[in-house]
Engineer: 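My structure is below; once you've seen it, I'll send some questions.
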Amino acid sequence: MARSNNINRQSKSKNKKPKRLRKSSFNKITKSFQVFNNDSDHYNKYENLTLDVSDSEDTSTLPILSSNNSSSATLSNEIPSVDVFSSDNEDVAYEMNSKDAMKNHLELNTDFIPFSDDSEEEEEDDLIVENTNVEEEAEIYGNERSLNNDYPWLLNHDHSKQRDIIEWLTLEIKDFVAYISPSREEIKLRNKAVSKLGRAIKELWSDSELLVFGSYATDLYLPGSDIDCVVNSASGNKEHRSYLYELARFLKKKNLATSIEVIARARVPIIKFIEPESGVHIDISFERTNGVEAAKLIREWLDMTPGLRELVLIVKQFLTARRLNDVHTGGLGGFSIICLVYSFLHLHPKLRTDEIDPLENLGVLLIDFFELYGKNFAYDEVALSFISGYPSYMPKSNWGSLPPSRSSFTLAIQDPGDASNNLSRGSFNVRDIKKSFSGAFELLTSKCFEMDASTFKDRVGKSILGNVIKYKGKQRDFKDERDLVVNRAIIENELYHRKRSSSYFDDDLFLDPSADEALVGQQDELELYSLDQPVKKKVKKSTKTLRKLKKIKQEAQKKEEKPQKSIDSFMGLSDDENNGDSDSKPKPQHNTKEDKRALQTKTVDAQTRRDYWLSKGQTLASPTIPKKST
Ligand SMILES: Nc1ncnc2c1ncn2[C@@H]1O[C@H](COP(=O)(O)OP(=O)(O)OP(=O)(O)O)[C@@H](O)[C@H]1O
Ligand SMILES: [Mg+2]
């Protein structure tokens, strides 16, 4: 029955004139997408958009979207009639042509690209305090090794009845993000760790403060992510190695650190350790504020880019499971991942033209992300640029200060805070990163076709996302409790920026030591909401510090409401032909309720969905797609 419906839909669509892109819109969009390889092995959906100059205003046929309307088209088993399996020499050759092959592939975990464990540690000889206490570690990590299940985000979340396969993937992504987002206990543990360390630093060096940056200060951390901190002092001298050792000894004496490493001779000297109470890995660097600045910028990006947090967390977990997330071994660091996803979302044609809601199309976007950076992106030629914080593609040749590298096949991401810094210069293993993205594109797309061709009975308990994401760790509770407990790193980062900005400098917002002490003293009182009454605030009465926090929160909310400039000209979509101008800014993506409502009324027609899957089927170039069971 389902099969005959599909066939009917298909035959109807044959009589229907496909909607075409207006030529001017097409030109503008493609102009901003001159980032693809000339690699003829890979079908590039953007190059194959048909033009119809006589057509009207309609720009809704870019084949990259899904719809909220799950009642209309599902995949057709006849669409991806591609009979040649091609695999370029950089891509993993997936010799699979059936469900079984796919299963075997996963069981063998052949898309896992491990690094050898013997990679040289440049600062190995700097290890000063070692002797990890194995029992202590075991206690900290508890049952971390006792696994529940490879896809724990699916527990009680079966989406196999979704008619629209891509919606199934979107729902799984949301489940995964909810699954790995922090609970109140986790946030409190991190807050407490940061407080204790901050106090210790002040005790040791009264002219110094500890600031947090990196993923804890942006809410982009996975359960196992480290906390990045920096010591800033009035004297500005704490980067000297003698201070690093002094701090390491002090923290050890105070039982605030185990497994300490002092890495004094690196370009960025740091000390690394585990904070025993939380078990969290901590990195402390010295006398640099660029990370603290970046944290604020990233939070602004998150505010104006729905879907950024979700995709960053998925890509992070994807790379972490493949050990491709560690810059020391050539992998992609957290900041580079954020930049890749941020620029992908802002330069995506369907998001640029406001035609889809990113949060309702996470599945499509994830597949497109893997396709772009796994198949299409011209690594040899193109750099990502963030002039004034806004993303664009830039020919590498235009980046005058880009340091020369041995190979042209490198990732070049301009640091938004320092245009001469290539953020991803350490990610020398671009080949494996690209391979893994390309493999993920193929696995996800194949699985979508396979699931579409399966009966509902065969789909039960299956995962689409699980084909590329694995999560191994302690059972978690699907509790994203970030709204219930203040993230101290974010608040303090805001305070830091207020303090630095003279226009905001007033008595009430001054981050004085007593305010800090008040925060520390009320560590357990940082919860502003109760679980039972999420809306009603449980602000602890009349504490000066919490009033300050509230004020900061309100200011942050006000900021969200401020009007944003359009990025049309930036992306070559406006009429003023200002393509790539650095002073044009991204428009907010559906931040207001009205925007969201407007989007929900937008439906995507079946033909567009068919075009989307046709392009993916061609890209996939899989030899056979399993027939739908009747
Ligand atoms: N190559 C770099 N150049 C400049 N700053 C960098 C660079 N790499 C990292 N940073 C700074 O350090 C911060 C933390 O980087 P990191 O790679 O640990 O990312 P993260 O967001 O903390 O991810 P994770 O959760 O994996 O630790 C970044 O936000 C950025 O401010
Ligand atoms: Mg980090």
Side-chain angles (χ1 to χ4, degrees), residues 177 180-182 186-187 190 193-194 210-232 263 266-275 278 280-302 308-342 383-384 386 389 401-403 405 410-430 433 471 473 487 489-490 493 496-497:
V177 171
I180 47 103
S181 288
E186 287 170 321
I187 302 169
R190 282 176 177 252
V194 167
L210 185 77
L211 301 167
V212 180
F213 63 102
S215 58
Y216 187 46
T218 54
D219 263 351
L220 288 172
Y221 54 102
L222 295 173
S225 284
D226 62 1
I227 297 181
D228 301 288
C229 308
V230 59
V231 169
N232 271 5
I263 301 169
R267 197 177 54 85
V268 179
I270 55 169
I271 74 172
K272 293 169 87 72
F273 56 90
I274 295 173
E275 194 283 311
S278 60
V280 173
H281 290 248
I282 311 271
D283 277 10
I284 299 186
S285 55
F286 299 84
E287 311 290 11
R288 288 158 195 266
T289 52
N290 55 335
V292 185
E293 303 293 339
K296 184 166 172 55
L297 179 70
I298 293 166
R299 287 199 307 276
E300 285 167 7
W301 287 1
L302 286 162
L308 179 59
R309 179 166 186 270
E310 290 77 4
L311 292 186
V312 165
L313 292 176
I314 294 276
V315 174
K316 262 191 177 182
Q317 178 63 26
F318 172 84
L319 290 170
T320 302
R322 288 159 180 77
R323 297 184 208 162
L324 286 171
N325 63 326
D326 185 353
V327 180
H328 296 108
T329 48
L332 208 52
F335 200 12
S336 296
I337 295 171
I338 294 164
C339 290
L340 287 187
V341 178
Y342 177 68
L384 297 187
F386 297 89
S401 54
L402 182 65
S405 58
T410 55
L411 192 52
I413 303 176
Q414 204 167 38
D415 185 342
D418 172 7
S420 66
N421 179 29
N422 175 11
L423 274 185
S424 53
R425 69 188 171 281
S427 304
F428 57 80
N429 196 5
V430 180
I433 293 165
Y471 182 85
N487 174 327
I490 294 180
N493 190 275
Y496 169 84
H497 287 285

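Here the structure is a predicted model, which means the values were calculated and not measured. In listed order, ligands and their atoms are each counted from 1. Residue numbers run from 1 in the order of the sequence given.
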Engineer: Establish whether atom 8 (N) of ligand 1 and some protein heavy atom are separated by less than 4.0 angstrom.
Structural biologist: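 Protein heavy atom within 4.0 Å of atom 8 (N) of ligand 1: absent.
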
Engineer: Going by heavy atoms, is Arg425 under 4.0 Å from ligand 1?
Structural biologist: yes

Engineer: Has Arg425 got a side-chain atom pairing as donor or acceptor with Asn422's backbone, closer than 3.5 angstrom?
Structural biologist: yes

Engineer: Within the 4.0 Å heavy-atom shell around Asp226, which atoms of ligand 1 are there?
Structural biologist: 27 (O)

Engineer: Measure from the Mg ion (ligand 2) to every N/O/S atom of Asp228 and report the name of the nearest one.
Structural biologist: OD2

Engineer: Just by modelled atom types, is the Cys229 backbone N or O under 3.5 Å from a matching donor or acceptor in the Ser285 side chain?
Structural biologist: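 Yes: the side chain of Ser285 pairs with the backbone of Cys229.
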
Engineer: Would you mind listing which atoms of ligand 1 come within a distance below 4.0 Å of any non-hydrogen atom of Gly291?
Structural biologist: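 Numbered from 1, ligand 1 contributes 31 (O).
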
Engineer: Show your working on side chain to side chain contact (heavy atoms under 4.5 Å, CB included) between Leu324 and Asn429 and close with a plain yes or no.
Structural biologist: CA-CA 8 Å; Leu324 286 171; Asn429 196 5; 3.8 Å; yes

Engineer: Evaluate Val292 against His497 for side chain to side chain contact (heavy atoms under 4.5 Å, CB included), listing each step before the verdict.
Structural biologist: CA-CA 9 Å; Val292 185; His497 287 285; 4.0 Å; yes

Engineer: Using every non-hydrogen atom in the two residues, find where Cys339 and Leu384 come nearest and quote the distance to one decimal.
Structural biologist: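 Closest approach of Cys339 to Leu384, heavy atoms only: O-CD1, 4.1 Å.
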
Engineer: Could you tell me which atoms of ligand 1, counted from 1 in the order shown, lie closer than 4.0 angstrom to a heavy atom of Lys316?
Structural biologist: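 In order of numbering, the contacting atoms are 21 (O), 23 (O), 24 (P), 25 (O), 26 (O).
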
Engineer: For Asp219, does its backbone N or O pair with a side-chain atom of Arg309 as donor and acceptor, under 3.5 Å?
Structural biologist: yes

Engineer: Which single N/O/S atom of Asp226 lies at minimum distance from the Mg ion (ligand 2)?
Structural biologist: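 This turns out to be OD1.
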
Engineer: Need the ligand 1 atom indices (1-based, order shown) with element for anything under 4.0 Å from a heavy-atom of Ala294.
Structural biologist: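 Listed by number with element, the hits are 31 (O).
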
Engineer: Considering only non-hydrogen protein atoms, determine which one is nearest to atom 5 (N) of ligand 1 and report residue, atom name and distance to 0.1 Å.
Structural biologist: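 Nearest protein contact, heavy atoms only, for atom 5 (N) of ligand 1 is Asn290 ND2, 4.0 Å.
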
Engineer: What part of Val327, side chain from CB on, backbone N/CA/C/O, both or neither, has a heavy atom under 4.0 Å from ligand 1?
Structural biologist: neither

Engineer: What protein heavy atom is closest to atom 1 (N) of ligand 1, reported as residue, atom name and distance in Å?
Structural biologist: Leu423 O, 3.1 Å

Engineer: May I ask you to identify, for Tyr216, whether its side chain, its backbone, both or neither come under 4.0 Å of ligand 1 on a heavy-atom basis?
Structural biologist: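 No part of Tyr216 comes within reach of ligand 1.
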
Engineer: Under a 3.5 Å distance rule, please check whether Ser278 uses its side chain to pair with a backbone N or O of Ala193 as donor and acceptor.
Structural biologist: no

Engineer: Which atom names give the shortest non-hydrogen contact between Leu297 and Pro416, and what distance separates them?
Structural biologist: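 Smallest interatomic distance, heavy atoms only, reads CD2-CB, 3.4 Å.
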
Engineer: Under a 4.0 angstrom heavy-atom cut-off, which atoms of ligand 1 come close to Asn421?
Structural biologist: 3 (N), 4 (C)

Engineer: Does Arg322 make a cation-pi contact with Phe318 (under 6.0 Å, within 45 degrees of the axis)?
Structural biologist: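 Arg322 over Phe318 ring: yes.
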
Engineer: Does the N or O separation between Gly334 and ligand 1 drop below 3.5 Å for any pair?
Structural biologist: yes

Engineer: Start with the C-alpha gap between Asn487 and Arg190, add the side-chain angles, then the distance that decides, and say whether side-chain hydrogen bond (donor to acceptor under 3.5 Å, both in side chains) holds.
Structural biologist: CA-CA 8 Å; Asn487 174 327; Arg190 282 176 177 252; over 6 Å; no

Engineer: Can you check which of Phe213, Tyr221, Phe335 brings a heavy atom nearest to atom 6 (C) of ligand 1?
Structural biologist: Phe335

Engineer: Would you please test Ile338 and Trp301 for side chain to side chain contact (heavy atoms under 4.5 Å, CB included) and show each step?
Structural biologist: CA-CA 9 Å; Ile338 294 164; Trp301 287 1; 3.9 Å; yes

Engineer: Please write down residue, atom name and distance for the protein heavy atom closest to atom 29 (O) of ligand 1.
Structural biologist: Gly214 CA, 3.9 Å

Engineer: Which is it for Asp228 and ligand 1 at heavy atoms under 4.0 Å: side chain, backbone, both or neither?
Structural biologist: side chain

Engineer: Can you confirm, on distance only, whether ligand 1 has an N/O atom lying under 3.5 Å from any N/O atom belonging to Asp415?
Structural biologist: no

Engineer: Of the backbone and side-chain N, O or S atoms of Asp283, does one lie nearer to the Mg ion (ligand 2) than 2.8 Å?
Structural biologist: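 Here the distance criterion (N, O or S atom, under 2.8 Å) is not met by Asp283, so no.
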
Engineer: Go through the steps for Asn421 and Gln414 under the test side chain to side chain contact (heavy atoms under 4.5 Å, CB included), then give the verdict.
Structural biologist: CA-CA 6 Å; Asn421 179 29; Gln414 204 167 38; over 6 Å; no

